[in-house]
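Following: one structure in structure tokens, then a few remarks.
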Amino acid sequence: VEFVSKFGFTPQHGTRVQEKGVRCQVSGVRLCRGKWHSPCQGKHYTYRFCPMKPKRLGLTGNIGSGKSTVAKLLVEKGAALIDADAIAREVTNDLTVLEQIKTQLGSDLVRDGELDRAQTAALVFNNPEARKILNGIIHPLVRQKSEEKIIGLETLSSPPLVILQDIPLLFENGLEKTLDAVIVVY
């Protein structure tokens, strides 16, 4: 929508901006320095509608700090949530990912076509090299899936104002550079 009347439209996503040089669609009068110079005095206001991309907010914090509570509150206010942990669980259900984990970290981590999370946790918490290998397999896929979800949300006809990304290792992976702001819960 390029121009809209103040009487017919109130954008929920985006900004109404009175621009210098904009003409009233009805009277043809020009807006100068925020003032209408004409007999119509802007009673047929036109606004330029500038759709905004949703703000990308990161959410991080220690285990048990209340991240889920903060995320729930923000979602109730209209934010869209992208949960990196949920995406990681989804990614580790992929058979090719499981095969990579078996090949690089050992077949004992995969049982009956599923990742043995307890066994994997025991390995990576005691072995920094194994953690690095596992993160090298999973993190790129989580970032890719997250970005696909973000693009899907941004291209909606009525996108959310905020996309909240719950990312446990946000700073450790340098992901703060991709966000507009970060909320740290402690």
Quiz item: Are Leu115 and Ile133 joined in one hydrophobic group, where the rule is that I, L, V, M, F, W and Y side chains link up if heavy atoms are under 4.5 Å apart?
Solution: yes

Quiz prompt | Worked verdict on Lys77 versus Val162 for side-chain contact (heavy atoms from CB on, under 4.5 Å) | solution = CA-CA 10 Å; Lys77 295 293 183 185; Val162 172; over 6 Å; no

Quiz item: Looking at side-chain heavy atoms only, is the closest gap between Leu164 and Leu57 below 4.5 Å?
Solution: yes

Self-check item: Side chain to side chain, Val91 and Asp94, heavy atoms closer than 4.5 Å
Solution: no

Quiz prompt | Intermediate values then yes/no, side-chain contact (heavy atoms from CB on, under 4.5 Å), Leu123 and Asp108 | solution = CA-CA 11 Å; Leu123 173 68; Asp108 57 327; over 6 Å; no

Quiz item: Any side-chain heavy atom of Asp166 sitting closer than 4.5 Å to one from Asp85?
Solution: no

Quiz prompt | Phe125 with Leu134, same ILVMFWY side-chain cluster at under 4.5 Å | solution = no

Quiz item: Considering only heavy atoms from C-beta outward, does the side chain of Leu59 approach that of Leu74 to under 4.5 Å?
Solution: no

Exercise. May I ask you to decide if Ile167's main-chain N or O and Thr60's side chain share a donor-acceptor pair within less than 3.5 Å?
Key: yes

Quiz item: Hey, does Pro54 have a side-chain heavy atom less than 4.5 Å from the side chain of Glu154?
Solution: yes

Practice problem: Verify salt bridge (Lys or Arg N to Asp or Glu O under 4.0 Å) between Glu172 and Lys132, making sure each step is shown before the conclusion. | Solution: CA-CA 12 Å; Glu172 293 82 348; Lys132 186 176 177 183; over 6 Å; no

Practice problem: Working to the nearest 0.5 Å, report the span between OG1 of Thr92 and CD of Gln100. | Solution: 12.5 Å

Quiz item: Are the side chain of Arg131 and the backbone N or O of Val124 linked by a donor-acceptor pair below 3.5 Å?
Solution: yes

Quiz item: Mind checking whether Thr69 and Val185 have side chains closer than 4.5 Å, heavy atoms only?
Solution: no

Quiz item: Does Arg143 reach the side chain of Thr178, with side-chain heavy atoms less than 4.5 Å apart?
Solution: no

Practice problem: Please examine the side chains of Ile150 and Gln165, heavy atoms only from C-beta on, and report whether any two atoms are closer than 4.5 Å. | Solution: yes

